[in-house]
Amino acid sequence: MASRPTTPSGSAYRPPKPQRILACVLCQQRKVKCDRKFPCNHCVKARVQCVPAQQMPRRRKRPTEQALTERLRQYEELLRRNNIAVETTDDMDVEGTSADVEGQGLRSTGQTHLDGVAQVPDGQPAGAEVVKSEYQTLGEVKNFWDAMHQRPPDSHDVTEEANVDNNFGNPTFDDLSEPVIIKVWGRVYDSDHNHLFGDSKIDVPLSTLHPSHVQIFRLWQIYSDNINPLLKVTHAPTLQARILDAAVDVAGISRELEALMFSIYCATIITLSEDDCHAMLGDSKPKLLRKYQNACHQALINCGFLRSRERDCLTAFFLYLVSLRPDTHPHTLSPMFAIAFRIAYRMNIANEASNVKHGVFEAEMRRRLWWAMVAYDSRISEMTDYKTTQLIPTWDCKIPVNVNDFDLRPEMTTRPTDQEASTEALFAIVRGAIGNYVRHNALHLDFINPMLKHVAKATQHVFDPYDDDLNGLENIIENRHLKYCNLENPLHYMTIWWARNHLAKYRFFLHCSQHSRSPDHQSTVQRDAILSYAFRMLECDTALMSSPLTKGYHWLIQFHFPFPAYVRIVQDLRSRPVGAHADKAWEIMNANYTVRFVDMEPSANILFKMFASTVLQAWAARHAALFGQDGAESARRMIVDIKKKLGQPSPPIATADDAVPPVQGGMSMLPPSEVQVFPSIGQDSVNYLDPSLAELNTDLFEMDWGNVDWNAMSRMGWP
DNA sequence: TACATCGGACGATCAAGAAC
DNA sequence: TTCTTGATCGTCCGATGTAG
């Protein structure tokens, strides 16, 4: 008999196991045989996307010490009943028992004995103690009720919340702790109204408003592709299982999960095209959005989102707000986000000392939610009032850890280590790294509240491994996070260009903060530097908008229209209309215009006119400066398209004569020397090219923003 | 009749401890 | 390092329900 082949070490050779091909998700769900061709026969028949299932990591549930002890007692009892002498566990030496259990890896501390191994002292969830030691934090905010009772801050929270129901019947003054007080308020204001959201407009059970089984599944898949990689506020493996279960019995799910599911439907729909909505859900996008937003709104009321402390509930509210964004005035959205932040602060998710008490998994999910909210809100703040941003140094929530969702499991007791390679959390990690730098930056804080600079100084050494240097941050982002990226992977592509865009954007902002004088009073070096950041922003934005890889992420990219970059470039072009930098500016603007506006429907809205007016002013300046002899074809294409959209004739091929009208109150942006050189660069020259824009020939910084149609503007991702 | 749903039996897999 | 154990995951048969 031939001997089995062996490995170099002498052990028997085992060919690698062929990778197991699992049934597709739909077949698993339906419990039918899958032929494992993708698409499989059932999916083809059902005309749905066939998605191969992913193998779940084994989650072996270790029996708790309590369960083991209980089992042991049962066996002892059986032995005793059969008249067999036995030394009971109660008689055994405590130290010995403890050591035995520790030997099995069941105990993390020697302090507790038989009452719940997965608990650390004070009833904290698994992993809380381990994680705690990993952090330096600002410390926990004092609790008033603990101070009243002279108790250490750790002695309530999770344990007491869990025990509230036990002693809630007749709380005495000694029982009074924050969770008890909350419960008491709950009883006192049992029927409070949701004043902000008004009364329900839905007169049917919410369970009847869910999409069909198959549609729920498809929406979840699209959410997993388009939303989750960028926001990372949900944990795909556990939530997918919950949603698939819930889809089977939508009437029997918890209120929080119901709100979360409706919020996922709404958020997913904003990422779909009109055609996709019809094909997949059989209705128009606005109708579907309205339907699921109403249902989500009601589901949020049902779970008392304003007073809830459930993470699912806050996540649902956040996703609901994300779904409102494209059709909502940012000034309306901003206070709604303020509500979300007030809830988050009540839940203490911005506080690391509080997060670590919730166990490894929950703490990580709280961090992800907080950072996603801060990042999204900071964009809204940019669009409304920069001062309201939460990108400030007064909280200490850590950046989420760089791991795949499968490496983050609810039963974990130690925080997973940051992976070197790119993971599913890449975008969230990079966004967090940039955000962490920005919130401690003094020049950024000048725009918000200069007093916070003292806080930033005091806390930076604790939180910011990136030093005070944007170059250092850029280095780390490029060499640590983007190094392993594959440009063919949509999330990697998105992260690379997003990160570069934001680094350029913050250089741009910080430069503006440092050199806030009028551009005309800045040195050429300063003007060139800031112009280069503006160019970079447009180039990155063009890369993001033009790639087919990022189609599913357009909902977020469109939200970040590089408006300040355009403003700055045009300002510069009006005063320096010719030269190498000007040629480059037109080329870059044209490329960005092509991906942002060319497919836009001709619109009479004031926003586009405003944008057009600004660009045409710069164009007029160039045209005049070159006496009509302009060879910049790319710029001309852009101008022709703008004119077309405005319903104006294409720009005339101006003659030198046209280009030298008399100066009548030339533009304030121009230094006198340049007005002399280019006498046509003035208000009249713009009107000459496009008289319909006379009313709009105003500086962007001076216009009345209160009259702007923000709904349309925000749909386009302005400003 | 065709198709969807789902309880539940059964096999496959693999983490963890035991044995060598 | 290999073996054993048993919990968990994954499959899909077949009973049942539903719609046309």
Side-chain angles (χ1 to χ4, degrees), chain A residues 3-72 74-75 96-108 117-118 126-127 207-208 210-221 235-253 280-282 360-361 403-414 416:
Chain A
S3 61
R4 290 163 73 191
T6 59
T7 61
S9 62
S11 57
Y13 170 75
R14 285 183 183 168
K17 278 187 185 172
Q19 196 168 11
R20 193 176 174 195
I21 301 170
L22 301 183
C24 77
V25 178
L26 190 70
C27 290
Q28 280 187 341
Q29 177 65 41
R30 288 183 172 172
K31 298 189 180 183
V32 291
K33 185 171 170 61
C34 180
D35 62 11
R36 289 174 169 75
K37 293 169 189 165
F38 301 100
C40 73
N41 52 352
H42 287 286
C43 290
V44 169
K45 212 180 281 178
R47 291 186 194 170
V48 297
Q49 192 183 0
C50 185
V51 181
Q54 286 188 324
Q55 198 150 10
M56 293 284 286
R58 297 261 154 177
R59 276 172 293 182
R60 178 166 295 244
K61 205 190 284 172
R62 285 175 163 175
T64 64
E65 185 177 355
Q66 199 169 9
L68 284 175
T69 312
E70 191 54 43
R71 211 182 296 173
L72 183 57
Q74 281 179 5
Y75 297 144
T97 313
S98 177
D100 290 345
V101 178
E102 268 182 14
Q104 294 172 46
L106 292 173
R107 182 186 293 282
S108 55
V117 174
S207 58
T208 61
H210 285 272
S212 74
H213 203 146
V214 171
Q215 287 168 340
I216 290 177
F217 169 67
R218 298 196 67 187
L219 284 169
W220 165 252
Q221 287 296 327
H235 182 250
T238 48
L239 185 57
Q240 175 165 308
R242 288 171 70 199
I243 286 181
L244 291 179
D245 286 347
V248 175
D249 176 23
V250 286
I253 58 180
M280 190 188 308
L281 301 163
V360 172
F361 177 81
V403 290
N404 288 314
D405 273 7
F406 277 116
D407 296 322
L408 185 65
R409 296 185 298 277
E411 74 279 8
M412 292 181 108
T413 55
T414 49

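These numbers come from a predicted model, not from an experiment. Worth knowing before you read on, the calculation uses all heavy atoms, side chains too, and leaves out hydrogens, waters and symmetry mates. Below, read A as the first sequence line, B as the second, and so on, with proteins coming before strands; counting in each chain starts at 1.
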Participant: Any heavy-atom pair between the side chains of A:Ile243 and A:Phe217 that's under 4.5 Å?
Facilitator: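 No, their side chains stay 4.5 Å or more apart.
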Participant: For nucleotides 1-7 of chain B, read 5' to 3', which letter fits each nucleotide if B means a protein heavy atom sits under 4.0 Å from the base, S means only the sugar-phosphate is that close, and - means neither?
Facilitator: ---SBBB
Participant: Can you measure A:Arg409 atom CZ to C:dA7 atom P for me and round it to whole angstrom units?
Facilitator: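 The distance from CZ of A:Arg409 to P of C:dA7 comes to 19 Å, rounded to the nearest Å.
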Participant: I'd like a table of donor-acceptor pairs (distance under 3.5 Å, sequence neighbours excluded) in which one partner is a side-chain atom from residues 31-38 of chain A, with atom names and distances.
Facilitator:
from	atom 1	to	atom 2	distance (Å)
A:Asp35	OD1	A:Lys37	N	3.0
A:Asp35	OD2	A:Asn41	N	3.2
A:Arg36	NE	A:Ile21	O	2.6
A:Arg36	NH1	A:Cys34	O	3.3

Participant: Figure out the CD/C1' separation between A:Gln28 and C:dC13, and round it to whole Å.
Facilitator: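 Nearest whole value for this atom pair: 17 Å.
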Participant: Taking atom C1' of C:dC9 as reference, at what distance in whole Å does atom CD of A:Gln240 sit?
Facilitator: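 Between C1' of C:dC9 and CD of A:Gln240: 14 Å.
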Participant: Taking all non-hydrogen atoms of both residues, which atom of A:Pro211 and which atom of A:Leu219 are closest, and how far apart?
Facilitator: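 Looking at all heavy atoms of both residues, the shortest contact is CG-CD1, 3.8 Å.
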Participant: For A:Ser212, is there any backbone N or O sitting under 3.5 Å from a side-chain donor or acceptor partner on A:Gln215?
Facilitator: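 A pair under 3.5 Å: yes.
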Participant: Nearest 0.5 Å please: distance from the CZ atom of A:Arg242 over to the NE2 atom of A:His235.
Facilitator: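 The NE2 atom of A:His235 is 12.0 Å from CZ of A:Arg242, to the nearest 0.5 Å.
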Participant: Contact class for A:Cys27 (heavy atom, under 4.0 Å): base, sugar-phosphate, or nothing?
Facilitator: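 No contact.
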Participant: What distance separates A:Thr238 OG1 from A:Gln240 CD, expressed to the nearest 0.5 Å?
Facilitator: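 With rounding to 0.5 Å, OG1 (A:Thr238) is 10.0 Å from CD (A:Gln240).
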Participant: Whole-Å distance between C:dC9 C1' and A:Leu22 CG?
Facilitator: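 Distance, rounded to whole Å: 9 Å.
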